[in-house]
Amino acid sequence: MGWLIEEQTGEDVENLHVVAGPVEEGDRTPLLAVSKSLLQSLLLELRSTGLQVVAVLPDILLLPRDDSEWQLALWPEDQLTLRTGELGGAVLEASLLELMLDAALQERIASGEPLRISATADESFRERIQSWLSARGIQAEISTAQDVSAILSPGTDWPRHPANLMQGEFALTRGFTLPRTWRIAAIFVALAFSVQLLSEWTQYGYYRYQAKKIQAEAVALYKNLFPADRRIVNLERQLKAQLNGGNSGSNMLSTLTRVAESLQGSGLNTQRVDFSGSTLTLDVSARALGELDRFREKLDGQGFRTEIVSANAQGGLIRGRLRVEG
């Protein structure tokens, strides 16, 4: 459509915003065009004042629509506004009244309908219209009004008007809108939520990485402790089975528990624990050799066979190794 009216508007088609009106009799379709830059600057100026623009239309459409009557108005006082149909009309300087009427008459002749003119202007303006009619031998009915506000189209749904230029790329997104302060608050909440979500995902990724790392270390430790068990299906279940004795009939978990209970209050610090078969080897540190003897006697009193394998002085402490059986 832009190519069809490019020459008439004198504007490159890329710079035009074109709207098609409803199809008229004889498959004729009126086209309305406006400079994109002009429309954008108008919308920007209005919206910068806090206004919500719902419709932009040619001012001729403010005059009443009457297919059998022309609507003329000096509005504003130095311009002439003429509406000749639903989407037809023009705005020119008031001095060009006769030229405008001649052009409109050429289109009117084809319809063969009688001419009626409704004019809103002063007495001298109506005399000019009457002189133009007389010069062309036209019998026309002229009705007049003094106040242009009395004839403006009332109750029109401008946003749904077919000539509303806010279509296509300029279409208004209709629906619920928040006030400016609420929009700012909503943006702040959305940003805070996004930051929190990013933080949660970062922590989730970190802990998941740590979990996988610990899982791999646990599997490696299990394989080192129980090399005969090559296939790992459920690490926790298999480890419990091994600690509870496995096939040897011993009770490793019970032994570890009793030894740990004996360590409480002994003053010893455990450095290393090894379990091989039914023998438990402990590497501990003590402040004196007597603490090792008392710990050995405590274990023997629980039915264990305990032996101090070695005891050496290192850094002011006694480093000892004990072998526990039974």
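For this chain, numbers begin at 1 and follow the sequence in order.
Nearest heavy atoms, Glu291 versus Gly267: OE1-O, 3.7 Å. The minimum heavy-atom distance between Val54 and Asn164, with the atom names listed, is O-ND2, 3.3 Å. Minimum interatomic distance between Glu98 and Trp132 (heavy atoms only, all atoms of both residues): O-NE1, 3.8 Å. Counting all heavy atoms, side chain and backbone alike, Ile60 lies closest to Ala90 at CG2-O, 3.8 Å. When every heavy atom of Arg47 is checked against every heavy atom of Val53, the shortest pair comes out as CG-CG2, 4.4 Å.
By the rule that hydrophobic residues join a cluster once side-chain heavy atoms approach within less than 4.5 Å of another member, Leu289 and Leu317 end up as members of separate clusters. Val259 and Val309 are assigned to two separate hydrophobic clusters, defined by single-linkage of ILVMFWY side chains at heavy-atom distances under 4.5 Å. Residues Val273 and Ile308 share a hydrophobic cluster, clusters being chains of Ile/Leu/Val/Met/Phe/Trp/Tyr side chains in contact below 4.5 Å. Residues Leu51 and Leu165 share a single hydrophobic cluster, defined by chaining ILVMFWY side chains whose heavy atoms lie under 4.5 Å apart.
Defined by atom type and a distance below 3.5 Å, a donor-acceptor pair is missing between the side-chain atoms of Asn15 and Ser35.
Looking at Lys298 and Asp300, no side-chain N of the basic residue comes within less than 4.0 Å of a carboxylate O on the acidic one, giving no salt bridge. A salt bridge links Lys36 with Glu169; the closest basic N to acidic carboxylate O contact falls under 4.0 Å.
Partners of Glu307 according to the salt bridge (charged side-chain N to carboxylate O under 4.0 Å, His left out) rule, which considers only residues two or more places apart in sequence or in another chain, are Arg323. Val23 meets the side chain to side chain contact (heavy atoms under 4.5 Å, CB included) test with Asp27, Thr29; sequence neighbours excluded. Every residue meeting the salt bridge (charged side-chain N to carboxylate O under 4.0 Å, His left out) condition with Arg305, not counting sequence neighbours, appears here in chain and number order: Glu325.
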Take Leu268 and Leu292 through the test side chain to side chain contact (heavy atoms under 4.5 Å, CB included) and record every step on the way to the result.
-> CA-CA 8 Å; Leu268 302 179; Leu292 291 178; 4.1 Å; yes
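Other residues, nucleotides and ligands contribute only 12 or fewer heavy atoms inside 6.0 Å of the CD atom of Glu236. Heavy-atom neighbours of Arg321 CZ from other residues, nucleotides or ligands within 6.0 Å: at or below the threshold of 12.
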